[in-house]
**Q** 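Below you'll find the structure I mean.
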Amino acid sequence: MDEKSSVLVSNSEIISDIYDPHELQVMQIFFPFQLQTQIEALQQNKRFVHYTTAECALQIFQNKQVWMRQISCMNDYQEVEHGLVLLLNEYKRERGERFKALINGLHPKITDEIEQLFNDWRPYFLNDTYIACVSEHESSEDESGRLSMWRAYGQKTGVALVLNCGVFIRPTDALSAYASPVAYLDEESFGLQFESIINAIESNSEFVASLDRKTVLNAIFNAFRYASLCTKHPGFAEEREWRVVHSPKMQPSTRLSRRVEVISGVPQPVYKIPLNDLPDEGLVGLRIPELVDRVIIGPTDYPLAMFDAFTDALHEAGVEKPHERVFVSNIPLR
């Protein structure tokens with residue numbers, strides 16, 4: 001048993017109410033990075049944060065919606081190419097050949113189906129994938145926020161929405177939108193992540209062989225898809241990003257509404273997540289009173305007016321004692 005496996009075993013109680021034993025073993029084999037990051041988030045009771053403009057933050061509270069934007073319209077859309085290139089290169093190399101031989105030995109010729117499925121959907125990764133982004137938030141940032149994020153996203157009226165993590169961690173199909181941590185990898189570290197999956201398949205070959213072919217096909221396809229969509233250059237590592245991903249053609253949703261909106265002068269389709277719970281389908285913690293831990297108002301010339309505005313907005317959204325959840329950053333930034 002390797003070091004990562006021992007960590008997973010020691011944290012079994014943390015995830016026992018999230019995955020059943022069968023699902024957990026599938027996650028351990030095919031999604032080890034995501035699983036370990038989920039465990040760490042739960043262990044440390046992490047919170048997430050969304051840096052945005054005051055106007056966008058106010059719309060979230062007033063409309064009780066979060067918008068998901070098409071990846072091709074995001075400022076770092078080229079990072080999808082980064083993950084995809086790393087995956088395709090690794091697949092052609094020695095590790096890729098080892099992977100193909102191993103998995104075909106358990107399910108004959110299944111890599112032909114994996115490659116066909118991946119190539120069929122690959123054009124949609126950029127043009128039919130919608131995401132909402134958050135970052136991991138540290139307690140040391142509770143009052144001031146993170147300077148680099150204010151510079152990148154805050155403008156002159158920036159707001160940070162600090163969010164509780166539960167709804168991001170607990171898997172549910174209620175919205176056909178799924179949260180995944182971003183991995184910051186170069187060629188070498190991507191290869192090591194790929195090798196960890198190969199080793200896990202090898203160590204659990206009997207279990208993988210016992211799975212039906214469709215389960216294996218979907219697990220590997222999604223491991224490859226998220227490796228493409230959620231791998232970024234190590235230079236962005238301080239963002240500590242998680243992405244909520246929705247692919248409407250692949251996994252349609254009746255709960256997310258599609259609308260055309262103008263963002264920074266660019267008309268574009270967006271998908272809107274309603275901030276409501278669906279407890280019968282495992283979706284809890286999405287209502288604003290439970291979701292929002294605090295609001296940090298960024299460096300601005302209008303701190304008092306913005307404090308009053310967001311206190312009122314939280315109150316109207318059902319938050320008790322809203323003035324205790326709004327903070328004004330003291331970072332001296334213009």
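For this chain, numbers begin at 1 and follow the sequence in order.
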**Q** Has Ser203 got a side-chain atom pairing as donor or acceptor with Ala200's backbone, closer than 3.5 angstrom?
**A**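 No; judged by distance alone, with no hydrogens or angles, the pair does not exist.
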**Q** Do Trp121 and Tyr91 share a hydrophobic cluster (ILVMFWY, side-chain heavy atoms under 4.5 Å, transitive)?
**A**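 Hydrophobic grouping puts Trp121 with Tyr91.
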**Q** Hey, is CZ on Arg122 packed in by over 12 heavy atoms from elsewhere, all under 6.0 Å?
**A**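 Check fails, neighbour count at 12 or below.
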**Q** Taking the six-membered ring of Phe327 as reference, does the cationic atom of Arg294 (NZ for Lys, CZ for Arg) lie under 6.0 Å from its centre and within 45° of its axis?
**A**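 Yes, a cation-pi geometry holds between Arg294 and Phe327.
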**Q** Might you point out which heavy atoms bring Leu283 and Ala174 nearest each other, and give the distance in Å?
**A**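 Scanning both residues, the minimum pair turns out to be CB-CB, 4.1 Å.
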**Q** Can you name the one residue among Ile201, Asn222, Leu35 that meets side-chain contact (heavy atoms from CB on, under 4.5 Å) with Phe30?
**A**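 Considering Ile201, Asn222, Leu35, a side-chain contact (heavy atoms from CB on, under 4.5 Å) with Phe30 is found only for Ile201.
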**Q** For Pro181, is there any backbone N or O sitting under 3.5 Å from a side-chain donor or acceptor partner on Thr37?
**A**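 Flag not set: sc Thr37 to bb Pro181 has no pair under 3.5 Å.
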**Q** Inspect the contact between Arg146 and Glu138 and indicate whether a charged nitrogen and a carboxylate oxygen are less than 4.0 angstrom apart.
**A**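 No salt bridge links Glu138 with Arg146.
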**Q** For the backbone of Pro322 and the side chain of Glu324, can you confirm whether one donor and one acceptor N or O come within less than 3.5 Å of each other?
**A**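 Checked: no pair found.
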**Q** When you compare the side chain of Leu117 with that of Glu113, does any pair of heavy atoms fall below 4.5 Å?
**A**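 Contact flag for Glu113/Leu117 side chains = no.
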**Q** Test your reading of the model: is there a side-chain donor-acceptor pair from Asn104 to the backbone of Ile110, 3.5 Å cut-off?
**A**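 Answer holds: yes.
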**Q** Where the side chain of Glu90 meets the backbone of Leu87, is there a donor-acceptor pair that is under 3.5 Å apart?
**A**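 A pair under 3.5 Å: no.
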**Q** Angle between ring planes, Phe48 versus Phe168, binned at 30° and 60°: parallel, tilted or perpendicular?
**A**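 Answer is perpendicular, since the angle exceeds 60°.
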**Q** Report the C-alpha distance between Glu136 and Trp242 in whole Å, list the side-chain angles of each, state the deciding distance to 0.1 Å, and finish with yes or no for side-chain hydrogen bond (donor to acceptor under 3.5 Å, both in side chains).
**A** CA-CA 7 Å; Glu136 293 181 1; Trp242 286 56; 3.0 Å; yes
**Q** Can you name the nearest heavy-atom pair linking Gln34 to Ala179, along with the distance?
**A**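 Closest approach of Gln34 to Ala179: NE2-O, 3.7 Å.
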**Q** Centroid-to-centroid, Tyr271 to Trp67, below 6.0 Å?
**A**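 No, the ring of Tyr271 stays outside the 6.0 Å limit from the ring of Trp67, centre to centre.
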**Q** When rounded to the nearest 0.5 angstrom, what distance separates CD1 in Ile71 from CG in Leu126?
**A**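 Ile71 CD1 to Leu126 CG: 7.0 Å, rounded to 0.5 Å.
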**Q** Please check this pair: side chain of Asp277 against backbone of Pro279, looking for a donor-acceptor N/O pair closer than 3.5 Å.
**A**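 Side chain of Asp277 to backbone of Pro279, a donor-acceptor pair under 3.5 Å: no, none is there.
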**Q** Taking atom CD as the centre, does Glu143 end up with more than 12 heavy-atom neighbours from other residues, nucleotides or ligands that are less than 6.0 angstrom away?
**A**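 Count not over threshold, so no.
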**Q** Quick check: closest heavy atoms across Ile331 and Trp150, and the distance to 0.1 Å?
**A**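 Heavy-atom minimum between the residues: CD1-CD1, 3.8 Å.
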**Q** Among His137, Arg325, Arg47, find the one that has a side-chain hydrogen bond (donor to acceptor under 3.5 Å, both in side chains) with Asp293.
**A**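 Result: among His137, Arg325, Arg47, Arg47 is the only option passing the side-chain hydrogen bond (donor to acceptor under 3.5 Å, both in side chains) with Asp293.
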**Q** Walk me through whether Tyr19 and Gln38 qualify under side-chain hydrogen bond (donor to acceptor under 3.5 Å, both in side chains).
**A** CA-CA 12 Å; Tyr19 299 109; Gln38 286 178 322; 2.9 Å; yes
**Q** Before giving the answer on side-chain hydrogen bond (donor to acceptor under 3.5 Å, both in side chains), spell out for Gln25 and Asn204 the whole-Å C-alpha distance, their side-chain angles and the decisive distance to 0.1 Å.
**A** CA-CA 9 Å; Gln25 194 163 0; Asn204 295 271; 3.3 Å; yes
**Q** Tell me whether Val284 shares a hydrophobic cluster with Leu278, the cluster being built from Ile, Leu, Val, Met, Phe, Trp, Tyr side chains joined at under 4.5 Å.
**A**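 Unlinked, Val284 and Leu278 end up in two clusters.
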**Q** What about Tyr226 and Val85, same hydrophobic cluster or not, with Ile/Leu/Val/Met/Phe/Trp/Tyr joined at side-chain heavy-atom distances under 4.5 Å?
**A**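 No, no single cluster joins them.
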**Q** Return the orientation label for the Phe190 and Phe194 ring planes: parallel under 30°, perpendicular over 60°, tilted otherwise.
**A**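 Geometry flag for Phe194 against Phe190: tilted rings.
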**Q** Dump the intermediate steps for side chain to side chain contact (heavy atoms under 4.5 Å, CB included) on His50 and Ser135, then the final yes or no.
**A** CA-CA 6 Å; His50 178 60; Ser135 294; over 6 Å; no
**Q** Salt-bridged, Glu241 to Arg243, with N to O below 4.0 Å?
**A**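 Salt bridge between Glu241 and Arg243, a charged N being under 4.0 Å from a carboxylate O: yes.
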**Q** Hey, what do you get for CD (Gln70) to NE2 (His246), rounding to the nearest 0.5 Å?
**A**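 Answer rounded to 0.5 Å: 11.5 Å.
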**Q** Flag yes if Leu175 and Val270 sit in one hydrophobic cluster, no otherwise; membership is Ile, Leu, Val, Met, Phe, Trp, Tyr, and two members link when side-chain heavy atoms are under 4.5 Å apart.
**A**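 Not linked; separate clusters.
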**Q** Checking side-chain hydrogen bond (donor to acceptor under 3.5 Å, both in side chains) for the pair Thr215/Asp212: CA distance, chi angles, key distance, verdict?
**A** CA-CA 6 Å; Thr215 297; Asp212 66 80; 2.8 Å; yes
**Q** Run the numbers on Val208 and Ile29 for side chain to side chain contact (heavy atoms under 4.5 Å, CB included), then give the verdict.
**A** CA-CA 9 Å; Val208 176; Ile29 295 168; 4.0 Å; yes
**Q** Please lay out, stage by stage, how Phe99 and Phe224 fare under the test ring-ring contact (aromatic ring centres under 6.0 Å, His included).
**A** CA-CA 13 Å; Phe99 165 81; Phe224 286 179; 5.7 Å; yes
**Q** Looking at side-chain heavy atoms only, is the closest gap between His323 and His315 below 4.5 Å?
**A**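 A side-chain contact under 4.5 Å is absent here.
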**Q** Looking at NZ of Lys109 and NZ of Lys100, how far apart are the two atoms once the value is rounded to the nearest 0.5 Å?
**A**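 Here the rounded value is 15.0 Å.
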**Q** State whether the number of non-hydrogen atoms from other residues, nucleotides or ligands found under 6.0 Å of Glu238 atom CD is greater than 12.
**A**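 Counting neighbours around CD of Glu238, 12 or fewer heavy atoms of other residues, nucleotides or ligands fall under 6.0 Å, so no.
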**Q** Taking the side chain from Asp20 and the backbone from His22, do they hold a donor-acceptor pair closer than 3.5 Å?
**A**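 Indeed, once roles are kept as given, a pair shorter than 3.5 Å links the two residues.
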**Q** Could you walk me through whether Arg255 and Ile273 pass the side chain to side chain contact (heavy atoms under 4.5 Å, CB included) test, one step at a time?
**A** CA-CA 8 Å; Arg255 271 64 181 264; Ile273 301 174; over 6 Å; no
**Q** Would you call the rings of His233 and His82 parallel, tilted or perpendicular, taking 30° and 60° as the class edges?
**A**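 If you compare the ring of His233 with that of His82, the planes turn out tilted.
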**Q** Under 3.5 Å, is there a donor-acceptor pair between the side chain of Ser329 and the main chain of Ser144?
**A**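 Present.
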**Q** Quick check with a 6.0 Å cut-off and a 45 degree axis cone: is Lys156 positioned over the face of Tyr302's six-membered ring?
**A**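 No - Lys156 does not lie over the ring of Tyr302 by the 6.0 Å and 45° rule.
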**Q** Answer yes if Ile263 and Ile131 sit in the same cluster of Ile, Leu, Val, Met, Phe, Trp and Tyr residues linked by side chain heavy atoms under 4.5 Å apart, and no otherwise.
**A**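 Different clusters.
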**Q** Kindly say whether Lys249 contributes a backbone atom to a donor-acceptor pair with the side chain of Asp128 at under 3.5 angstrom?
**A**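 Judged by distance alone, yes, a pair lies under 3.5 Å.
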**Q** Run the side chain to side chain contact (heavy atoms under 4.5 Å, CB included) check on Val159 and Val295 step by step: do they pass?
**A** CA-CA 7 Å; Val159 169; Val295 175; 3.6 Å; yes
